[in-house]
> 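Dropping the structure in here first, questions after.
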Amino acid sequence: MLNKLNPAQREAVTYLDGPLLVLAGAGSGKTRVITQKIVHLVERCGYAPRNIAAITFTNKAASEMRERVGTLLQGKDAKGLVVSTFHSLGMNILRAEAKLLGYKPQFSIFDSGDTWKIIGELANSGDKQEIRDIQTQISNWKSAFIAPQQAAENAGNDEEKVRARIYARYQETLRAYQAVDFDDLIHLPVVLFKEHPDALFRWQNRLHYLLIDEYQDTNDCQYQLTRLLAGHRAAFTAVGDDDQAIYAWRGASIENLHNLRNDYAKLRVIKLEQNYRSSQRILKVANRLINHNTKVFEKNLWSDHGIGDPVRIYAARDDEHEAESVVMKLMAHKFEHRTRFADYAILYRSNHLSRAFEEQLRAQRVPYTVSGGTSFFERAEIKDITAYLRLIANPDDDPAFIRAITTPKRGIGNTTLEKLGSHAGARHVSLFEAAFEIEMEQQLPPRQHEDLLLFCNFINRLQERADKDPCGELLDELLRAINYEAWLYDTHEPRQADTKWENVQEFTGWLKRKAEADEKSLVAMVQTIALINMLEGKDEEPDAVSLSTLHAAKGLEFPHVFIVGAEEDILPFRDSDEKQIEEERRLMYVGITRAERSLQISYCNRRKRGKDWMACEPSRFLEEMPEGELVYAGGHKEAAPTLSKGEGMDKLARLKAMLNKEPG
DNA sequence: CCCATTCGGTTTTTT
DNA sequence: ACCGAATGGG
């Protein structure tokens, strides 16, 4: 097995004398190194799988890796092997050690939607931008280990003081709800480990070797968790690529690659520079582009694949034509080369850009899957059901309470909730608890009060059954009791209701299977849901075109790639400063390096925004690519560039000039 | 006091 | 084409 690896890879797999950093260029086989190393640890070095933890960036990557290791280990029992994201590892630590932190193990996990509402209320503001700002501010404070108190002390102006105050109240609110946010899932275990060495000792004893993927995208907090878990043993392998760091906006810092060197004197660094994925032309375009960034680590990515086709740059008249052209070209290419739909990916900077392509693909009856985008669990109908589950697990979860009691409508509305809320606030109890207090009977109209108690007792009954009865029965019972299907058809168009109900059934089916397979309690399932993006392996189209954001495409590869919407203000995103431009450039780099054989990058000259047109400029990144490797195919039809009058002419003309310098 | 419909203003990236 | 606040009916 080891002989299938190149020397650098083999070295990375077998090196166990101390901490190791693997600088793995795009397509250099880093996943292979990680999976093989796990197998190596188990089969050659006598590690028990349950003592190894592999940390990935997404749940999808985690389940893929688990599967791969499972097949490689065949026969041998991979049970107990930890393959998860930082967040789900943190969740598991937190659930096991909750009591030490004053939480109950059934704590709720709030997603950004939940926290958004809380911050909005605390800030008493409806301003989206402001709430967003505060949200990221709090997130940054947390990952930098700045407590509300410190934040208040450090505040230089009134605005910062107000925000520090909101931060403090936000933390109190989460506590009161017995809830944690995404940052807490990492932050609290670190706090726990610092305050309770015995707990840290337990986990260090559990996890003897750590493998961390996508290391360039870790933030300070995650790094601290890693260091604590690794302890003096420092038995870990971190794998990363500074050129693919695209999560700085989430607090990730490439600096962590450097820090590793400073903190571990014995750190060994191995570079993987041979690319096994892309044609030489694609690689050359990628390399030239990324060289416009200030380099952290020098790396020289090369490939012994063929030279390949030139990278096509396509200028579309507008967004609709871009979608039409891409889909037409894709279909033509497919039928000419007898490829599969799954060989193609359409990548874009932001989710909303997918719409035009989805429409075209649907119109042409081309099967497709959208990854990223509004996740399955973000859908209203799924959130409705999970609200009930959250409430059953943790009655103090006020946001879940509000959602559950108002969907389906059962005669409890804003006014009632406000009264309940102010009473709960005064008494420092959750809405659920407040409902049973005697004062509510006086404050609420009889009808409302009755409905309220009816609901709470209903939840209580389900709660009692949650421990005894299997997850599936409980779910069916719940859906029947709230008459959810009928309510869906009552309040939606038949077609909409159809898909919504299908989603619900898919969800409950998944939940039942998962609960049985993993022998997890309903509580554990509910907590897991908060972290998962999509249903893994749900009757996915066997052969479908992939639509994905550039972020979500990291780690994937496709024979043929279309990067669309390569325009100023989109990619790079508007108002990017110099630092952000570099990150946007890396994003483009990630997109380019997804492609194995062919790549087209397109942009529009104008784009519909609302009801009027907006002129667009081609992305500056196009100019940073080697002209000799590009071929321009502008206008509406290939090889027959038709220029729309007006915007973007100069850039278009420049690109057209490149046509004459066609390589070959 | 609750809830459905309409109108108006919008869109980074994700655990 | 999609969500959220205002508005009027029940």
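The structure presented is a predicted model; accordingly, all values stated were derived computationally and were not measured. Chain A is the first sequence line, chain B the second, and so forth, proteins listed ahead of strands; every chain is numbered from 1.
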> Applying a 4.0 Å non-hydrogen cut-off, can you work out what A/Leu587 is touching in the nucleic acid: base, sugar-phosphate, or nothing?
nothing

> Going by 5.5 Å between centroids and 30° between planes, is there a stack of A/Tyr247 over B/dT13?
no

> A/Asn394 and A/Ser108: side-chain donor and acceptor closer than 3.5 Å?
yes

> Quick check: are there more than 12 heavy atoms from other residues, nucleotides or ligands sitting under 6.0 Å from CD of A/Glu67?
no

> At under 4.0 Å, does any side-chain N or O of A/Lys608 touch on OP1 or OP2 of C/dA1?
no

> Rounded to whole angstroms, how far apart are CG on A/Asn219 and P on B/dT13?
20 Å

> At under 4.0 Å, does any side-chain N or O of A/Asn351 touch on OP1 or OP2 of B/dT14?
yes

> On DNA chain B, nearest-nucleotide positions of A/His352 versus A/Arg410: which is more 5'?
A/Arg410

> Quick test of your reading of the model: are A/Arg349 and A/Glu584 salt-bridged, counting only N-O distances below 4.0 Å?
yes

> Among the nucleotides B/dC1, B/dT14, B/dT13, which one has an atom lying closest to any side-chain atom of A/Ser350?
B/dT13

> Give a yes/no answer on whether the side chain of A/Thr416 brings an N or O atom under 4.0 Å of OP1 or OP2 in B/dC1.
no

> Find the distance A/Gln244:CD to B/dT13:P and express it as a whole number of Å.
20 Å

> Measure from CG on A/Leu420 to P on B/dC2 and round the result to the nearest Å.
12 Å

> Side-chain N or O of A/Ser112 less than 4.0 angstrom from OP1 or OP2 on B/dT14?
no

> With respect to the side chain of A/Thr415, which nucleotide from B/dT11, B/dT13, B/dC1 is positioned closest?
B/dC1

> Just by distance, with hydrogens left out, do A/Thr115 and A/Asp181 show a side-chain donor and acceptor under 3.5 Å apart?
no

> Could you please name the partner base of B/dT10, counting Watson-Crick and G-U wobble pairs only when both distances are under 3.5 Å?
none

> Rounded to whole Å, how long is the line connecting atom CD1 of A/Ile570 with atom C1' of B/dT13?
14 Å

> Using Watson-Crick or G-U wobble geometry with both distances below 3.5 Å, tell me the partner of C/dA1, or none.
none

> What's the closest nucleotide to the side chain of A/Lys409 if the choices are B/dA4, B/dT14, B/dT12?
B/dA4

> Nearest whole Å is fine: how far is B/dT14 P from A/His87 NE2?
13 Å

> Of the listed nucleotides (B/dT14, C/dC2, B/dT13), which one gets closest to any side-chain atom of A/Arg250?
B/dT14

> Establish, with yes or no, whether the OP1 or OP2 oxygen of B/dT14 is under 4.0 angstrom from a side-chain nitrogen or oxygen of A/Thr549.
yes

> Do you see a donor-acceptor pair shorter than 3.5 Å between the side chains of A/Gln360 and A/Glu358?
no

> Take atom CD of A/Glu320 and atom C1' of C/dA1, then tell me their distance rounded to the nearest Å.
12 Å

> If you look at every strand shown and take non-hydrogen atoms under 4.0 Å, does A/Phe86 touch a base, only sugar-phosphate, or nothing?
nothing

> If I take atom CD in residue A/Glu584 and atom C1' in nucleotide B/dT13, what distance separates them, rounded to the nearest angstrom?
8 Å

> For A/Thr406 and for A/Phe573, find the nucleotide of DNA chain B with the closest heavy atom, then tell me which residue's nucleotide is more 5'.
A/Thr406

> Would you measure the distance from the P atom in C/dG4 across to the matching atom in B/dT13 and give it in whole Å?
16 Å

> Do A/Asn259 and A/Tyr223 have side-chain atoms, one donor and one acceptor, less than 3.5 Å apart?
no

> May I have the distance from A/Tyr348 (atom OH) to B/dT11 (atom C1'), rounded to whole angstrom?
14 Å

> Among B/dC2, C/dC2, B/dT14, which is the nearest nucleotide to the side chain of A/Arg355?
C/dC2

